[in-house]
Amino acid sequence: MKKRLLAIIAGLMAVCMMLSACAPVGSNNTEEPSGDGTETGDTSEKVIRFSIAAEPPTMDPQIKTASPMAAVATHVYEGLVRVFDGEIKPGMAESWEISEDGLTYTFHIRDEAKWSDGQKLTANDFEYAFHRLLDPAVGSEFAYLAYDIVGAEDFNAGTTTDWSTVGVKATDEQTLVITLRNPVSYFLSFMDFTLYSPTRQDMVEAAGASYGSEAEYQAYNGPYVLESWEHDSKLVLVKNPEYWDAENITTDRIEVYVVLDANTGVAMYDAGDLDITDVPKDLIPAYDTKVFSDGGEYFIMANWHGMTEETGKLLSNPNFMKAIGYGIDRTAFIAATLGDATQPATRYNLPLLNIIDNAEGKQVNFNENYPLEAYPATADLEKAQEYLDLALEETGFTRETMPTFVYACRDADSNRLMAEALQDMLKTNLGINIDIQQMEYKQWLEIINQHEYDLTLYGWGPDYDDPMTYMDLWMQKPGGNMANYDNPEYTELIEFAKNTTDAKARADALYEAEQILLDGGPIVPVYFKYVAYVQNPDIGNIDRPFIGGQPKCMYATFN
């Protein structure tokens, strides 16, 4: 098997980049720096250049949360709070109060809060952002993340059009009150997420459908302004003089390059054209790399209904999905395609995630307290064949009449490499044929959201430190989820976990739901991503958190 996989990469040198969010221990201080770390009198421009693996699909904060966008968004937007090195700090809100029952959050917008064009930023800009996120006409695919707010789900579903029923109110220009339907332990840190960034109504209405597609269509409230955007090439960020903490922002300009191939990124680093870039597996021994968990959990995702009646019949069959789960050799896959510190995923939830499951409100590691090995790190071909035989018997297919499955693949060479490795494993171990259809990143996202695929390798990263950030993806919801998964028992458990005030019962429900999901559900875990990267040794104090994962460069130091 390994020889066949290695043959696939004989002519390729590439590495995978993640889709959606994030990674571990960063180097930022918990205290805000008072200077830039440069020598006294040094007036030269401080610039950091790093790479991303795909063009951001949009810079509209309420529409997308994909990783390429997050790399820019973390610098040009700021929410009510900001999280650095795992610590929650004041952002646009200089202070807040939480009611004793944990349901009402009152945020006080700082006096000096402004937009990049000098206009005052108010609580109304936040209320408008929440309204837009939940407006069914806008169609945000991540609106469900706000459903813990009173009335949010009904408004988003169109059950009511009365915004006054939603628990988000700007009571005056500097006060925003958010009311939850149930206590949420991670809610405060969640307010750092891009979705909840303030948004200017006048600019949205002026730009119309073009909002978020070009640098000039928006105002920004973070440490930086998106000065220019050369599509599929480069985004340039410059310091925002109107930012409330501008005097402590040490990096003057950030250049973000779209680099599809990690080998190209390393070549640019060697030439002095990049300061931070990921390193492909074949080059890791040659460099003094840093390693961090980017929070990415990658899995084979099946369209539960398939692109055709034939493929849907198999993909919705639990035994067929378990056959794939046991037929994939995760260790060999990583060695052949990634080759770094990446770990096999034998379950769904990320090992770094914590949860509160006790009356004292203290966090514990979820995976350690709720152990699970749904699939082995290496293939178990005997079990794989047993489950495949059961699936074929239940669906009426034979090994000869099984349909060919359409596999949607991103355009990067690394994604093609991984698709071919999976194609080879499925064919060799199970006799399953897949047709790889490669496409550019934005089209791939559209294909997934429109359920126009059979299989794909999909990645997800945490938006907050709790298993729910992974688990609520697969609930039944209007328009379906990404996998078209339709399991009432699973949805009931997630709904219970979202509404109960019993921390232990909540954690138990999430654990039970994970077991249901992996017992022949629409996903087959493959790996937890750890990234090897190089960084200019003259630059320090860059945060790489596992929540968000992108380099935060605003407080960098320069030697």
_Is it the case that the side chain of E297 and the backbone of W460 share a donor-acceptor pair, with hydrogens and angles ignored and the cut-off at 3.5 Å?_
no
*Who are the side chain to side chain contact (heavy atoms under 4.5 Å, CB included) partners of S116, not counting sequence neighbours?*
A219, Y220, V225, N240
*With sequence neighbours excluded, give me every salt bridge (Lys or Arg N to Asp or Glu O under 4.0 Å) pair touching residues 218-244.*
K114-E242
_Counterpart residues, side chain to side chain contact (heavy atoms under 4.5 Å, CB included), relative to H108 (two or more places apart)_ = S95, E97, T106, T175
*Residues in salt bridge (Lys or Arg N to Asp or Glu O under 4.0 Å) with R110, at least two apart?*
E112
*Decide, yes or no, whether a salt bridge links R506 with D466 under the criterion of side-chain N to carboxylate O below 4.0 Å.*
yes
_Working for ring-ring contact (aromatic ring centres under 6.0 Å, His included), residues W444 and Y458_ = CA-CA 11 Å; W444 177 79; Y458 199 87; 5.6 Å; yes
*Do NZ/NE/NH1/NH2 and the carboxylate oxygens of R132 and D60 come within less than 4.0 Å?*
yes
*asked:* Could you work out, with side-chain hydrogen bond (donor to acceptor under 3.5 Å, both in side chains) as the rule, every residue matching Y348, not counting sequence neighbours?
replied: W474
*asked:* If only side-chain N and O atoms count, and only distance matters, is there a donor-acceptor pair under 3.5 Å linking Y147 with E495?
replied: no
*Scan residues 187-206 for pairs that pass salt bridge (Lys or Arg N to Asp or Glu O under 4.0 Å), counting only residues two or more places apart or in two chains.*
D117-R200, R200-D202
_List the residues meeting salt bridge (Lys or Arg N to Asp or Glu O under 4.0 Å) with E127, not counting sequence neighbours, and say none if there are none._
none
_Those residues that, when tested against D125, pass salt bridge (Lys or Arg N to Asp or Glu O under 4.0 Å) (two or more places apart)_ = none
_Salt bridge flag under 4.0 Å for residues E55 and K442_ = no
*Which salt bridge (Lys or Arg N to Asp or Glu O under 4.0 Å) pairs, counting each pair once, include a residue from residues 161-174, with sequence neighbours left out?*
none
*Knowing that exactly one of Y196, W96, F187, F126 qualifies, which makes a ring pair (Phe, Tyr, Trp, His ring centres under 6.0 Å) with Y105?*
F187
*With a 4.5 Å limit on heavy-atom distance, are the side chains of D465 and S189 in contact?*
no
_Set of salt bridge (Lys or Arg N to Asp or Glu O under 4.0 Å) partners for E153, sequence neighbours left out_ = R181
*With D472, which residues qualify under side-chain hydrogen bond (donor to acceptor under 3.5 Å, both in side chains), at least two apart?*
K498
*Identify, with sequence neighbours excluded, every residue that meets side-chain hydrogen bond (donor to acceptor under 3.5 Å, both in side chains) alongside S99.*
D101
